[in-house]
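Heads up, the thing below is written out as structure tokens.
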Amino acid sequence: MKRAGKAFFTDNLLTWNREINTRTMPWKGEKDPYRIWLSEIILQQTRVEQGWPYYERFIQAYPTVAHLAQAHDDEVFRLWQGLGYYARCRNMLAAAREIATRYHGVFPNTYDAILALKGIGAYTAAAIASFAYGLPHAVLDGNVYRVLARYFGVQTPSDSTAGKKEFTQLAGELLDKKQAGPYNQAIMDFGAVVCKPQAPECPTCPLSTQCLAYNTDRVDQLPVKTKKLVIRQRHFYYIILIYNNQVYIRKRAGKDIWQNLHEFILVETPGPVTLAELQASEAFRHTLPGVQFEVEGLSEQYKQQLTHQTIFARFLTLKGKGRAPKLEGYQLVPRSLLNDYAFPKTIVSYLEQQTTGLTLF
DNA sequence: AAAGCGGGGAA
DNA sequence: TTCCCAGCTTT
């Protein structure tokens, strides 16, 4: 497709990058493919400021892909705790181990081989290929969609198949193939610093004279997105059943949220219930068959907003009487060792409240 | 093609 | 509240 202002776009973007851009990040200019890969996985759907400390901790704990490949799953998940999208962590471990075995610890250096690794899609493959090896692949992330949609006035929804194709084509044409790495870095920095989602810096933007959105006063309407989110509400009651300073936990599995993170005994109800209703419920009696206990307390309601779900959680502390029962799927661990396990944010928040003693039942 | 997957910062 | 972030995988 013919579009106006392509040369102007690339030239002025690179000039802005050279003369004005002062953005610095630990992985910027990095040439070690392992470090680039690690940063890219951490930054998928994640703000730079949020991922930054995790990157530092991971590099510290696992300086090479061999270190990461040899690490224990639970230890790595504990380090990932709080970052979200935990499938990234699982895929990252799988990829590290494939690099260690199949590639004998040497990071693959072709776009297709990189793309074939677990957890790496078109964006991440292009980023690694261009940053580490200078290969001519254009990145297409949220920043690039926004910058291109505005500058060229692309109205095709960026989250549609047609839009993806169109933006991919356009991004590839704009790429400076002789300096793919710096170009990719520049367009993402530009999107993050100048062409921001809200309140972009149009008045000082070096591309504004040719920006279609700016010149038709439609900056705040681009890019177009279509998909509407359906958010489900769920009610979790976590039972902290204590025997002799030990509690039951399990690792979450299956297709639900928080895979590979840990949790207390979970009773989920269709809606909010009182303590009496909870104890009388089929789910509760099925989960704790014949268990004798004393109620120590019920916490306030914790709310956590996920992308597709709202989680309402309360924590019910029970002091077990008699011998600790076997509970299917759960293990009994000392409370003092809870720090060794990765938990979802809601549970971490609850545990912190207990530790700091801000909440008395 | 659409759904599902976290957590946090900013307006 | 709503939006969206250096997206990918599964259905």
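Here the structure is a predicted model, which is why all the values come from computation and not from measurement. Within every chain, numbering begins at 1; the chains are lettered A, B, ... in the order of the sequence lines, protein sequences first and strands thereafter. Below, all heavy atoms of this structure are taken into account, side chains as well, without hydrogens, waters or symmetry copies.
Ring geometry for A:Y302 against A:F315 counts as perpendicular: the plane angle is over 60°, on a 0 to 90° scale with 30° as the lower cut.
Under 4.0 angstrom from either OP1 or OP2 of C:dA6 there lies no side-chain N or O belonging to A:T46. Here A:R146 reaches the OP1 or OP2 of C:dC5: one of its side-chain N or O atoms lies under 4.0 Å away. Residue A:K255 has no polar side-chain atom (N or O) positioned under 4.0 Å from OP1 or OP2 of B:dG4. Applying the 4.0 Å criterion to OP1 and OP2 of C:dG7, one finds that A:Q45 has a side-chain N or O inside that range. Dashed line: the shortest gap from a side-chain N or O of A:K196 to OP1 or OP2 of C:dC5 is not under 4.0 Å. Taking side-chain N and O atoms only, A:Q309 has a distance below 4.0 Å to OP1 or OP2 of B:dC5.
Distance check on atom P: B:dG4 versus C:dA6 gives 25 Å, rounded to whole Å. The gap from the P atom of C:dT11 to that of B:dG6 amounts to 15 Å, rounded to the nearest Å.
Between the base of B:dG6 and the side chain of A:T307 there is a donor-acceptor pair shorter than 3.5 Å. Contact of A:R88 with C:dC8 (side chain to base): no donor-acceptor pair of N or O atoms is detected under 3.5 Å.
Mapping A:Q50 and A:L117 onto DNA chain C by nearest heavy atom places A:Q50 closer to the 5' end of the strand. Toward the 5′ end of DNA chain B lies the nearest nucleotide of A:S160, the other residue of the pair A:Q259 and A:S160 mapping further downstream. When each of A:W258 and A:T161 is assigned the nucleotide of DNA chain B with its nearest heavy atom, A:T161 is the one assigned upstream, toward the 5' end.
Residue contacts shown for A:G82 are limited to sugar-phosphate atoms, with no base heavy atom under 4.0 Å away. Looking at heavy-atom distances under 4.0 Å, A:W27 makes contact with a base. At the heavy-atom level, A:N184 lies nowhere under 4.0 Å from the strands shown. A:M92 comes within contact range of no nucleotide atom at all, as no heavy-atom separation falls under 4.0 Å.
A:Q81 contributes a side-chain N or O that, together with a main-chain N or O of A:F343, makes up a donor-acceptor pair within less than 3.5 Å. In this structure a side-chain-to-backbone donor-acceptor pair under 3.5 Å is present from A:R88 to A:I41. In terms of modelled atom types and a separation under 3.5 Å, the side chain of A:Y237 and the main chain of A:V273 share a donor-acceptor contact.
With respect to A:E296 and A:K319, no salt bridge is recorded, no charged nitrogen being found less than 4.0 Å from a carboxylate O.
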